[in-house]
Every structure is written in C-alpha cells, then in structure tokens.
2 protein chains.
Amino acid sequence: MNTVMAIQKVADEVVIEKLMEIFRSVGYDGASMTELAAATGVKKGSLYHRYPGGKQAMAYAVLDHIADLNNSAMIKVFFSSEPADDRLSMALRSIYDFYDGGKLACVLRALSHGADAGLFRNQIAAIFQNCVNGFMHLAADFGHDMNTSIRLAESTMTRIQGSLILAQTFQKPDLFQATLNEVRVEFHKRI
Amino acid sequence: MNTVMAIQKVADEVVIEKLMEIFRSVGYDGASMTELAAATGVKKGSLYHRYPGGKQAMAYAVLDHIADLNNSAMIKVFFSSEPADDRLSMALRSIYDFYDGGKLACVLRALSHGADAGLFRNQIAAIFQNCVNGFMHLAADFGHDMNTSIRLAESTMTRIQGSLILAQTFQKPDLFQATLNEVRVEFHKRI
DNA sequence: GTCTATAGCTAGATAGAC
DNA sequence: GTCTATCTAGCTATAGAC
C-alpha cells in the first residue's frame with residue numbers, strides 16, 4: 001500500500017485511561033461525548049472513528065482494559081512462588097494504588113448505575129469474580145479451609161467496595177486504608 | 001378563602017416513593033423528567049409546580065425523606081428500652097426490608113454519582129453518619145469499648161454497602177443476607 | 001485517522017389555559 | 001394544582017472534506 005494514513009495523535013491507551021477517569025468521576029450517563037472528547041484530546045468525530053459503537057463501545061473498552069489490568073495483577077497472586085503473605089501485600093498494595101488510597105471511586109461501580117447499566121453487568125461481574133477467585137486461592141494458601149476461604153474472599157471484596165463508598169462520602173480516605181488493614185488481619189487469623 | 005384549589009391527584013408521599021424508586025434504579029443522570037413524570041403519574045408541568053427547583057429539588061426531597069425514615073428507625077435503636085440484642089435485630093431487619101433482601105440498590109449510592117453528585121454529598125454523608133452513630137451506641141450497649149464500637153459501626157456500614165454492590169452485580173441477594181448475619185455475629189463477639 | 005459542521009432528537013425547564 | 005404545548009440547550013451520532 002502506498003496510501004498514507006493520518007497519524008494517530010493520542011495513543012489508544014492514553015484515551016482509555018482518560019475515558020476511565022471521566023466515567024469514574026461522573027458515571028456513564030453523566031459523561032457526555034463533548035466532555036469525553038475534551039478529556040481525551042480527541043475530537044468527537046475521531047472518537048467515533050475509534051469506537052464506532054459510540055459511548056457504549058467506549059465503556060466496553062474501558063471495562064476490557066480493567067479486566068486486563070486485573071488479570072495481570074491476579075496472575076501474580078495466583079502463580080507467583082513468593083510466600084502467601086507477600087502476595088497478599090502485593091494484591092492489597094495494587095488495590096490501594098488503583099484507588100489512589102481511597103480518593104478515587106470505583107469505575108465498576110460508576111458503570112453499574114444508569115439507564116443502560118444492564119449492558120455492563122456481565123463484564124463487571126466477571127472482574128469481581130476474578131478478584132474473588134484470587135482472594136479465595138490466596139486464603140487457601142494461608143491455610144484456611146474452603147468454606148472459610150470463599151467467605152473471606154467475598155467479605156474482602158465487600159469491604160473494599162463498601163469502604164470506598166464511605167471513604168468518598170465522608171471524604172476520609174483513611175477509612176479505605178483502615179479496611180485494607182482489617183482485611184489483612186482477617187487473612188492471618190488462625191483457623 | 002373561597003378559592004377552590006384544584007385537587008392534588010397523587011399524594012406527595014406517593015410521588016416521593018416513586019421518585020426514589022426511579023433514582024435508585026437508574027441514578028440521577030439516568031432519570032429523565034419524562035420518566036419521572038410517567039412513574040409518578042404526575043405530568044411534567046405539575047411536577048415542576050411541586051418542585052420548582054426541578055430535578056435537583058426532587059433529589060433533595062428524596063434524600064430528606066430517607067433522612068426522616070432513617071431518623072425514625074434510629075430513634076428506636078437509640079431510645080428504646082428493649083434489650084440491645086433485640087434492637088440490633090430490629091435495625092438489621094429494617095435495613096433488610098429497605099433493600100428488599102438485597103435485591104434493591106441503595107438510593108444514596110445511586111445519587112452519589114454523576115455530574116452534580118457533589119450537591120448531594122452532604123445530605124448523604126449526614127444519613128450515613130446517623131447510621132454509624134446508631135450502630136456505635138448499639139455496640140457500646142453490647143459492652144464494647146469506644147474504639148471497638150466506632151470501628152464496628154463503620155465496618156457495619158461498610159459491609160452493608162459493599163454487600164449490596166456484590167449482591168446486585170452477581171444477582172445473588174444471599175450475599176447481602178449473609179453479610180447481615182456476619183454483622184450480627186461481630187456484635188456478639190466478646191471483648 | 002484527523003477534523004468541522006450539522007443532522008435529529010431528547011433533555012430539563014417554562015408559559016399559560018383551565 | 002392540573003394539564004398541554006413549547007422553548008432552548010445539550011445530547012448522541014453522522015457526513016464528508018482533508
């Protein structure tokens with residue numbers, strides 16, 4: 001081909017990150033194409049070229065991106081040969097960082113409300129499930145029995161999500177950090 | 001006065017309940033005036049007569065309504081002379097009912113996202129704080145020391161909110177019920 | 001692949017008759 | 001206090017030049 005394509009000015013990954021940022025802070029319905037275009041630095045028309053499915057496709061892409069990030073993190077928790085305690089620390093650390101210490105809302109939660117929320121539920125559930133599975137295996141590595149591991153994993157996800165809500169409504173990120181510490185303690189409790 | 005006012009066709013309380021229902025299921029930005037009018041059975045023009053402040057005013061009214069409900073429930077937890085254990089059961093029971101056993105999302109959470117979310121944060125925080133205070137006093141009545149009571153109260157709210165999220169994304173209301181049970185156990189743990 | 005311009009529609013909100 | 005009719009602004013999405 002000797003056709004010269006116009007250069008992509010903003011990398012796909014950068015666009016995704018910006019889209020995620022907006023969806024996270026104002027939700028799906030709250031995010032307008034105008035705002036998304038402004039935030040990404042990509043004009044509306046170009047955004048539609050990248051995501052022919054429009055806003056929905058952008059949300060899907062963001063969720064795919066998060067699923068990838070999540071998988072990478074979870075693979076470390078699963079298959080690393082490091083001690084279970086170190087892997088727990090890594091997992092909690094990456095969660096801590098992902099939410100900027102409790103200052104950021106959860107994109108998954110932001111996308112789980114709204115008129116078209118049903119469209120994203122399966123993707124969101126899959127990511128949550130992936131996390132639950134990771135924590136479950138980790139709990140087993142800590143020596144907990146299966147039922148305890150399941151309950152502990154679900155409880156961990158429950159507390160993370162819940163504490164993010166409280167941390168943001170009270171504007172006290174500490175509540176998030178405190179919850180992560182409590183989770184840590186729970187894992188170490190003897191059976 | 002001999003002026004005859006036109007009759008109010010739908011009671012204010014009924015309207016509030018319907019508004020709450022819509023905000024809860026689709027969020028603030030996701031709720032259109034057309035939808036709100038249809039759900040309440042009150043035409044747009046009439047809705048604006050009742051709430052001159054428009055959609056924002058409706059959200060405020062819903063939050064005020066919830067604050068009232070919450071206060072009534074909390075007063076029972078505070079000032080009733082019944083045993084602490086019975087009051088805990090009452091509190092958990094009313095929470096269970098309010099969320100229809102985990103099948104309903106939390107309106108407060110639904111209103112805490114979106115472009116104008118900041119407008120509602122103080123009202124939402126006040127309601128959450130009211131709950132935390134109630135559970136804190138209750139924990140004290142259970143014999144827990146102050147620090148434990150605070151942590152337990154915050155942890156309770158954290159778990160309730162978090163488990164609602166998981167219950168809805170996984171469409172497993174049981175997770176909510178299970179969490180309420182766990183909370184109950186925590187309160188009974190000896191110091 | 002970039003962009004501008006605009007179509008087509010629905011949003012929230014208002015005016016005014018009854 | 002009810003309603004219908006309507007306004008304007010903003011929305012998502014598209015068309016087509018470069």
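Note that the coordinates shown come from a computational prediction; the quantities given were computed from them, not determined experimentally. Lettering of chains follows the sequences in order, A, B, ..., and the numbering in each one begins at 1.
Summarising the hydrophobic clusters (Ile, Leu, Val, Met, Phe, Trp, Tyr; side-chain heavy atoms under 4.5 Å, direct or chained), the residues clustered with A:Met146 are A:Met136, A:Ile150.
Taking atom OH of A:Tyr28 as the reference point, atom C1' of D:dC11 lies 12 Å away to the nearest angstrom. Summarising the geometry, the separation between OH on B:Tyr51 and P on D:dT2 is reported as 11 Å, rounded to the nearest angstrom. Rounded to whole angstrom, the span from the NZ atom of B:Lys9 across to the C1' atom of D:dT2 amounts to 7 Å. Between the CG atom of B:Leu47 and the C1' atom of C:dA11 there is a distance of 15 Å, rounded to whole Å. Rounded to whole angstrom, the span from the NZ atom of A:Lys43 across to the P atom of D:dA13 amounts to 19 Å.
Residue A:Ala31 is in sugar-phosphate contact alone, with no base atom involved, counting any heavy-atom pair closer than 4.0 Å across all strands shown. Residue B:Ser32 is in sugar-phosphate contact alone, with no base atom involved, counting any heavy-atom pair closer than 4.0 Å across all strands shown.
Interface residues of residues 14-25 of chain A facing DNA chain C, ordered by number: none; criterion, heavy-atom separation under 4.0 Å.
For the ring-ring contact (aromatic ring centres under 6.0 Å, His included) condition, the pairs that include at least one residue of residues 30-71 of chain A, sequence neighbours left out, are A:Tyr60-A:Phe120. Legend: side-chain hydrogen bond (donor to acceptor under 3.5 Å, both in side chains) pairs involving residues 102-114 of chain B, not counting sequence neighbours, sorted by first then second residue: B:Arg109-B:Gln168. Every pair passing salt bridge (charged side-chain N to carboxylate O under 4.0 Å, His left out) that includes a residue from residues 62-86 of chain B is listed here, sequence neighbours excluded: B:Asp85-B:Arg184.
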Practice prompt. Using a 4.0 Å cut-off on protein heavy atoms (strictly under), produce a 5'-to-3' string for nucleotides 13-18 of chain C with B for base contact, S for backbone-only sugar-phosphate contact, and - for none.
Written response: BB----

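The minimum heavy-atom distance between A:Ala31 and A:Leu36, with the atom names listed, is CB-CD2, 4.2 Å.
Between B:Ser46 and the phosphate of D:dG1, there is no side-chain N or O to OP1/OP2 separation shorter than 4.0 Å. Considering only side-chain N and O atoms, B:Thr34 lies nowhere under 4.0 angstrom from the phosphate OP1 or OP2 of C:dT10.
Legend: residues meeting salt bridge (charged side-chain N to carboxylate O under 4.0 Å, His left out) with B:Arg93, ordered by chain and number and at least two apart, are B:Asp97. For B:Asp116, the salt bridge (charged side-chain N to carboxylate O under 4.0 Å, His left out) test picks out no residue, with sequence neighbours left out.
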Please tabulate, for the side chains in residues 171-180 of chain B, all donor-acceptor contacts under 3.5 angstrom to protein atoms that are two or more places apart in sequence or on a different chain.
{"residue": "B:Gln171", "atom": "OE1", "partner": "A:Arg121", "partner atom": "NH2", "Å": "2.7"}
{"residue": "B:Gln177", "atom": "NE2", "partner": "B:Asn181", "partner atom": "OD1", "Å": "3.4"}
{"residue": "B:Thr179", "atom": "OG1", "partner": "B:Leu175", "partner atom": "O", "Å": "2.8"}

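Remark: B:Arg24 is positioned above the aromatic ring of B:Phe98, its terminal NZ or CZ atom under 6.0 angstrom from the ring centre and at most 45 degrees off the axis.
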